[in-house]
Amino acid sequence: MDTILVVNAGSSSVKFQVYSVEGEGTLRRQIKGQMDGIGTRPRLRASGANGDSRADRCYPIEAVANVPAAMEVAGDWLRNEMQVNPLAVGHRVVHGGAEFDRPVLIDHGVVARLDRLVPLAPLHQPHNLAPVRSILVNFPKLPQVACFDTAFHRTHSAVADHYAIPHQLHSEGVRRYGFHGLSYEYISKTLPQIAPEIATRRIIVAHLGSGASMCAIKGGQSVESTMGFTALDGLPMGTRPGQLDPGVVLYLMSEKGLSAAKVQDFLYRDCGLKGLSGISNDMRELEASDSFNAKLAIDCFVYRIGLNAGMLAAALQGLDAFVFTAGIGENSAGIRARVVEHLGWFGVTLDAAENARHARLISRPDSAIPVYVVPTDEELMIAQHTLALLMNGKSHDSRTKRVS
Ligand code: AMP
């Protein structure tokens, strides 16, 4: 079976999916798994196309001490026990900088250019690149493709791309990049099939997961995002604060004596819903809680979504549709209802019954604009890009010998 392997590597986990390549380039998910607890309590779990468990096993720390080791162990399992010998590997890479506006076939030169972007995403980029390097060493002929979270936003205008800081810093790369691009691209590519009447119009997509952002899309292209230089900006998230006056960072450093590393840790791990509620970063727990601070955290979350919707509608000069996606956006009828309340001034009205059953269209017929729920699939997007580059980048016959 021809397959594409998709890899999404973070600091403590490597997630992977295997897609079979079927007639006319259709991709079907066959295996979904992850190695988590890297360096602490390594555990490999994987399921098949029907959600049936294919693996659940623990490893000693020494066997899976870092991301390359995790990739090797997971790769061995895929090859030896699942008989997966992929045609190519697609990687999620958080940062493509100003240069990469689309997925790219990886070679040593590309890795060197992506390495230069590590200072722009120090918590993610090195981990994204680790499996790329280990595959380059161990399987040098296996085609690899990098798919970027930033690429979809490279269509932003110069004004959307700039901070009001001296130009030299912009030239060095201090720009408003925007993230979650693979999710937005997937939604943008899916809308022509499920809602053709709005697909080319002015849309706000709210990607509300453990990371959260919103994107203004016009004519299928991103024109503005709530995220900027890093994935810290914009909406409050599970553990990140979203928009924050830079003065708060100065205060933490000058008055609280926090080092840059401590501030970074604080901003990525201790803020957002978790910091506000003091309970959890998981929306399910907050919705189930009676605590005042859990309620406050939810109120801040939906309030900021409403504010940012106003900002993005200004960027679009109007609004023709609103789309919810990702973990919270797809699954929490309560949060969607609260957000739609904040959109009331647009003339948006919710169909409570359709919302409760997680229907695709959740606004009433009399709503000024339609509101949709569209499940995202970033991994499928990566697999599609990888297959497309494989087919366009080199002829089928000359494709790399498979690894056994
Ligand atoms: P994601 O990052 O897209 O996987 O989203 C993960 C987040 O979605 C979790 O942290 C939860 O807060 C949230 N989530 C998932 N299912 C639900 C649900 N049924 N209700 C509320 N929140 C949910």
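In listed order, ligands and their atoms are each counted from 1. One is the number of the first residue; the rest follow in order along the sequence. None of the values given here were measured: they were computed from a predicted structure.
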- Query: Between His95 and Phe179, is the ring centre distance below 6.0 Å?
  - Reply: yes
- Message: Salt bridge check, Arg133 against Asp115: does any charged N sit closer than 4.0 Å to a carboxylate O?
- Response: yes
- Item | Protein contact to atom 7 (C) of ligand 1 [nearest heavy atom, distance to 0.1 Å] | Ser210 N, 3.9 Å
- Short N-O contact, Asp161 and Arg175, less than 4.0 angstrom: yes
- Task: Among all protein heavy atoms, pick out the one at the shortest distance from atom 13 (C) of ligand 1; state its residue, atom name and that distance to 0.1 Å.
- Result: Ile328 CG1, 3.4 Å
- Note on the structure: the protein heavy atom lying closest to atom 11 (C) of ligand 1 turns out to be Asp282 OD1, 3.3 Å
- Query: atom 12 (O) of ligand 1: which protein heavy atom is closest, and how many Å away?
  - Reply: Met283 N, 2.8 Å
- Item | For Gly209, the ligand 1 atoms whose distance to one of its heavy atoms is below 4.0 Å | 1 (P), 2 (O), 3 (O), 5 (O)
- Message: If you scan the protein for heavy atoms around atom 20 (N) of ligand 1, do you find one that is closer than 4.0 Å?
- Response: yes
- Query: Of all the non-hydrogen atoms in the protein, which one sits nearest to atom 3 (O) of ligand 1, and at what distance?
  - Reply: Gly327 N, 2.9 Å
- Query: Hey, are the side chains of Asn8 and Phe16 touching, using non-hydrogen atoms and a 4.5 Å cut-off?
  - Reply: no
- Check ligand 1 against Ser332 and write out every atom of the ligand that is under 4.0 Å from a heavy-atom position of the residue. 20 (N), 21 (C)
- Starting from the C-alpha separation in whole Å, work towards a yes-or-no answer on side chain to side chain contact (heavy atoms under 4.5 Å, CB included) for Ile187 and Thr190. CA-CA 5 Å; Ile187 302 289; Thr190 303; 5.7 Å; no
- Query: With a cut-off of 4.0 Å, which atoms of ligand 1 are near a heavy atom of Glu287?
  - Reply: 20 (N), 21 (C)
- Kindly say whether the aromatic ring centers of Phe324 and Phe322 come within a distance under 6.0 Å. yes
- Return the residue, atom name and 0.1 Å-rounded distance of the protein heavy atom closest to atom 23 (C) of ligand 1. Arg284 CG, 3.7 Å
- Message: Here's a test for you: under side chain to side chain contact (heavy atoms under 4.5 Å, CB included), which of Met227, Arg154, His156 qualifies with Tyr177?
- Response: Arg154
